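Just below is one structure, and these are the notes that go with it.
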Amino acid sequence: RLLVADPQERHEPQSLLTDQECQHLIHGLAGPRVELSELTFVDLFEERVRDNPEAVAVEHRQTRWTYRELDERANRIAHALLSAGVGAEDVVAVVMDRSPDWIAAAIGVFKAGGVYLPVSPDFPAERVAAQLDRSACAFALTEPGSEELVRKAAGTRDLTALSVPGVLTEDGPRHAPRVPIPPDQAAYIYFTSGSTGTPKGALCEHAGFVNHLYMKIDDTGMAPGPGEVVTQIASQCFDISLWQFAAPLVTGGSVRVFDTATQLDVPAFLDELVAGRVTVAQVVPSYLEVLLTRLEQHPRPLGDLRVVSVTGEALKYELVQRWFAACPGIKLINAYGATETSDDAMHEVMDRVPERDFVSVGRSLRNVNTYVLDENLALVPLGSPGEIAFSGVCVGRGYINDEERTRQAFVPDPFRPDTRMYRTGDFGRWLPEGRIEFLGRRDEQVKIRGFRIEIGDIESKLLAMAGVREAAVVVDGTGEQRSLVAFFSAADEEELPAERVREFLATVLPEYMVPTHIHRMERLPLTENGKIDKKSLVRRAAMPG
Ligand code: ADP
């Protein structure tokens, strides 16, 4: 009658659930089982190249490449990597801006059997160095704008850097290198902010990558063959950027790369969306809000757009209401998951405003097992809050070269032997019909404009600065207006204006993690038990001036 997750480790039975209830929670609420194919993204892309080599694969500004052109470039990059010595599961940093060349570079890494590690050319050298070190990265693909950064970040490390424009001007082999890639081979690493100040590199495998592509294709209803156009809009350091180019390239559609400058200019973004005949787009909730505000003020049809996937943070009901009022007929998907689970693990697909007055994160996707657990990893009854955990092929291998943090978040699935489970740190509860209501975070991980940030990451950088005595970071505002506010105190004699602290943070943190406001205080307020009183700092952050 009782379900005890792991008799060796658990102390007390946590839940009084009947067998039937347990079976329902374990099997009934899991995603549909679909036979996993042995094919990787590379196989599927090369099939599309053979099917229709002259179809458009990538568009960006005035550039338009066919499948044949993209494939030949990716092949040349793959051959160059192989000649440089890249072997199975060697990590290759791709330090490039988003562009067709960047997509060719990523595919080139996959074709060579390497592990794709995207790095933003805008990141501070110190952060890039930390990522290269942690992932024991010995190869990089660069472009003129990133060569200096890679040189600085590499320091004395033995790193072979190849210039992508250089490789593409040499007349290297254009045929596919045909390196065998088993489905359980590592495919990519995305670094996410870590609470101790060291980024965590989530490592995922090809099987999880492809499984995710299939579910994204199903739920966005992408038809095979040319015609579907997907926006590539996310930062290359955010794992959602991957399906944005990979999904259309396995269905035979095309990917349209939107410049960051275009995204900031909303009318220009909407013009390009329509002119580019985009059918599928993905945005974070804060950008959906920006789009909606524009559309409400200047209504316009959105051309071929059929579906918008929204992801990364909680989607407010009010936004969904506004969406269907402004854009009836265009589906909305609330996509929920984590980098550690090869991106989305649950979807709520909506073609109208949901009846209840909140937006759920939906149902388990294909081959995904979803659990809601207590702190002993025992199942909680349907409807009770608990931590959301996922298991199955979607779960990545862990954090690269970081056993301790891997052990904390990636644990054996107590209900399915030999299956990896990822503890999300998110709270949620099952709704009766098998959807999950998202209830917030267990820790201090926050999302600002879709970027995943650990508050502790910023605080530890502040505390590392000479002269800083105490430091705390809080979030001010809600929705699109949300921003980070830092408070610090300095040793009494220290001349340390907030501006100097800002300059320092900009040299060690990506731009999106540098707090909007930084205030120096005499001493930080403390709670009765001597901890920094964040609640009072939140109130202070909200005060004008
Ligand atoms: P992904 O890259 O899959 O979008 P990240 O790794 O950046 O996700 O962040 C994962 C975390 O973001 C989740 O654990 C959760 O806290 C939050 N999150 C992602 N999608 C949603 C969503 N649709 N609703 C609420 N929170 C979300």
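This chain uses plain numbering: 1 for the first residue, then up along the sequence. Counting convention: from 1, in listed order, for ligands and their atoms alike. Being a predicted model, the structure only gives us computed values, none of them experimental.
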field: First-shell residues of ligand 1 [heavy atom, distance under 4.0 Å]
entry: Phe238, Asp239, Ile240, Thr311, Gly312, Glu313, Ala314, Asn334, Ala335, Tyr336, Gly337, Ala338, Thr339, Asp343, Val361, Asp426, Phe438, Arg441, Gln445, Lys447, Arg452
task: State whether Lys534 and Glu444 are salt-bridged, where the test is any N-O pair (Lys NZ or Arg NE/NH1/NH2 against Asp/Glu carboxylate O) under 4.0 Å.
output: yes
message: One pair to check against side chain to side chain donor-acceptor pair (under 3.5 Å): Asp259 and His60. What are the steps and the verdict?
response: CA-CA 8 Å; Asp259 283 323; His60 176 228; 2.8 Å; yes
Would you list the atom pairs, donor with acceptor, under 3.5 Å between side chains in residues 184-193 and any protein atom, with sequence neighbours excluded?
unit_1 : atom_1 : unit_2 : atom_2 : d
Gln185 : NE2    : Gly113 : O      : 3.0
Ser193 : OG     : Glu454 : N      : 2.8
Ser193 : OG     : Asp457 : OD2    : 2.8

- request: Could you tell me whether Arg356 sits above the aromatic face of Phe358, with NZ or CZ closer than 6.0 angstrom to the six-membered ring centre and within 45 degrees of the axis?
  value: yes
message: Going by the rule side-chain contact (heavy atoms from CB on, under 4.5 Å), which residues pair with Leu149 if we only count those two or more places apart in sequence or in a different chain?
response: Val95, Ala125, Val128
- request: Any ring-ring contact (aromatic ring centres under 6.0 Å, His included) involving residues 424-445? Give me the pairs, sequence neighbours left out, ordered by first then second residue.
  value: Tyr336-Phe438
